[in-house]
2 protein chains.
Amino acid sequence: MKVMNVPTDRLKLAKDEFIAQWGALGTQWGINRTMAQIHALLMTSPQVMCTDEVMEELSISRGNAHTNLKELVNWGLIKMIVVKGDRRDFYEAEKDVWQIFTIIARERKRREIEPALAILNRCVAETKDLKSAEAKTFHNQVKDLEEFVSFASKMSDRVAGMKHGFALQLATKLLG
Amino acid sequence: MKVMNVPTDRLKLAKDEFIAQWGALGTQWGINRTMAQIHALLMTSPQVMCTDEVMEELSISRGNAHTNLKELVNWGLIKMIVVKGDRRDFYEAEKDVWQIFTIIARERKRREIEPALAILNRCVAETKDLKSAEAKTFHNQVKDLEEFVSFASKMSDRVAGMKHGFALQLATKLLG
DNA sequence: CATTACTTTCATTAAATACTGAAAGTTCAG
DNA sequence: CTGAACTTTCAGTATTTAATGAAAGTAATG
């Protein structure tokens, strides 16, 4: 095996650390460990990678690599790349942080906010005409929640739809 | 058993639906089902409730109820209430949606953003002085992430620290 | 059309997470 | 003190979620 020079070795250590920790974080985020690790790996890889390289690098099975690569493609966080003259599928991560942010925001909205809104709307509608004090408490609370979540949802669209520069400008004003 | 009138029955149905669905949603949010259900139950309850009432209502064990009530108190989403002349602990949920939002934002920041920042900072520092092209790619990507996450963290503080009215005003301008 | 080089699926196994219920702990009243 | 009424803990169990690896599928090549 090739003896690595010091800088490369330190890079490898930092990268492995990053991948491992990002994976652990993923679980906090409701994303599975492997998916987060693959994302970290591809995001910091200067080249596109094929399935076998990912398997090798992370010591995971083919099925696992495949499932999670597909899921990342689904989210839009990575793209499949065809290299001509090569049958293998290669993958490349989106690297622009603002893009990554908008993709994650969109996906979280779809998975977390929209179902919540659906439930809230239904519960508001189902109790609109009830007259008891208890029913009114319930109805009002759910309506407040519904209004807030609906509002948050619109805000999220608005912010994620901005160009990076504009968002930054707005935010700077806000922080200033 | 008492025969319920129609409105009460419809309320019960809506409430059960709300609790069940909110619980299911909780799992998407990385919160466990029971914790989300208890939260939904207390948030829409006109009165404070004791452990046994929660157990009864949700058909869960004492241990489970206890653990999750504690966790909700920890988050600050519910408060323990002492009723004098009664040894039992009662619980009451925070009902103001803006308060709920700021509590959840704070908690998510603590659990999701801060650990991420710690890792990113470390990886940036560890690769600052490496010279290879690959190291530079890694360093730059991680630095971009670090800057973005740090920025998002500050934004989150700023927004969650606002008074509801002010946030609303700002947001209205943004949406308008 | 048969071989090769890959991708995809899926039944099984493993790991992580949540729940139960009984036992131990605490507090207070008599 | 003692017992009653409640809270807290935790070992064991159940449920849920993720990973494996082998088998099946697909498509390009000669």
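A quick note: this is a predicted structure, and the numbers were derived from the prediction, not measured.
The separation between B:K70 atom NZ and D:dC10 atom P is 14 Å, rounded to whole Å. One atom, CD of B:Q28, and another, P of D:dT16, lie 15 Å apart when rounded to the nearest Å. The CG atom of A:D86 sits 7 Å away from the P atom of C:dC6 (whole-angstrom rounding). In this structure, B:I38 places its CD1 atom 12 Å from C1' of C:dA18, rounding to the nearest Å. The CD-C1' distance, from A:E53 to C:dC6, rounds to 14 Å in whole Å. Atom C1' of nucleotide D:dG21 and atom CD1 of A:I60 are separated by 13 Å, given to the nearest angstrom. In this structure, B:D52 places its CG atom 14 Å from C1' of D:dT8, rounding to the nearest Å. Put simply, CE on A:M55 is 20 Å from P on D:dA18, counting in whole angstrom units.
The pair B:D144-A:K95 does not meet the salt-bridge criterion, since no charged nitrogen lies less than 4.0 angstrom from a carboxylate oxygen.
With the nearest nucleotide of DNA chain C identified for both A:T27 and A:Y91, A:Y91 has the one nearer the 5' end. Between A:G63 and A:G30, the residue anchored closer to the 5' end of DNA chain D is A:G30, taking for each the nucleotide with the nearest heavy atom.
The side chain of A:T51 lies closest to C:dT7, out of C:dT20, C:dT7, D:dA5.
Base engagement by A:R62 is indicated by at least one non-hydrogen atom pair under 4.0 Å involving a base atom. Looking at heavy-atom distances under 4.0 Å, B:N64 makes contact with a base. At a threshold of 4.0 angstrom between heavy atoms, the contacts of B:T34 are confined to the sugar-phosphate backbone, with no base atom among them.
Distances shorter than 4.0 Å separate some side-chain N or O of A:N68 from OP1 or OP2 on D:dA19. In this structure, A:N32 reaches the D:dA19 phosphate: one of its side-chain N or O atoms is under 4.0 Å from OP1 or OP2. Look at A:H66 and you won't find any side-chain N or O under 4.0 angstrom from OP1 or OP2 of C:dT7.
Below 30°, between 30° and 60°, or above 60°: for B:H164 and B:W98 the angle between ring planes is below 30°, a parallel geometry.
For CD of B:E147, the number of neighbouring non-hydrogen atoms (other residues, nucleotides, ligands) closer than 6.0 Å is greater than 12. Within 6.0 Å of CD in B:E17 there are more than 12 heavy atoms belonging to other residues, nucleotides or ligands.
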- Derivation and outcome, side chain to side chain contact (heavy atoms under 4.5 Å, CB included), residues A:C123 and A:I119: CA-CA 6 Å; A:C123 289; A:I119 291 156; 4.3 Å; yes

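For B:R88 against D:dC6, no side-chain N or O and base N or O form a donor-acceptor pair under 3.5 Å.
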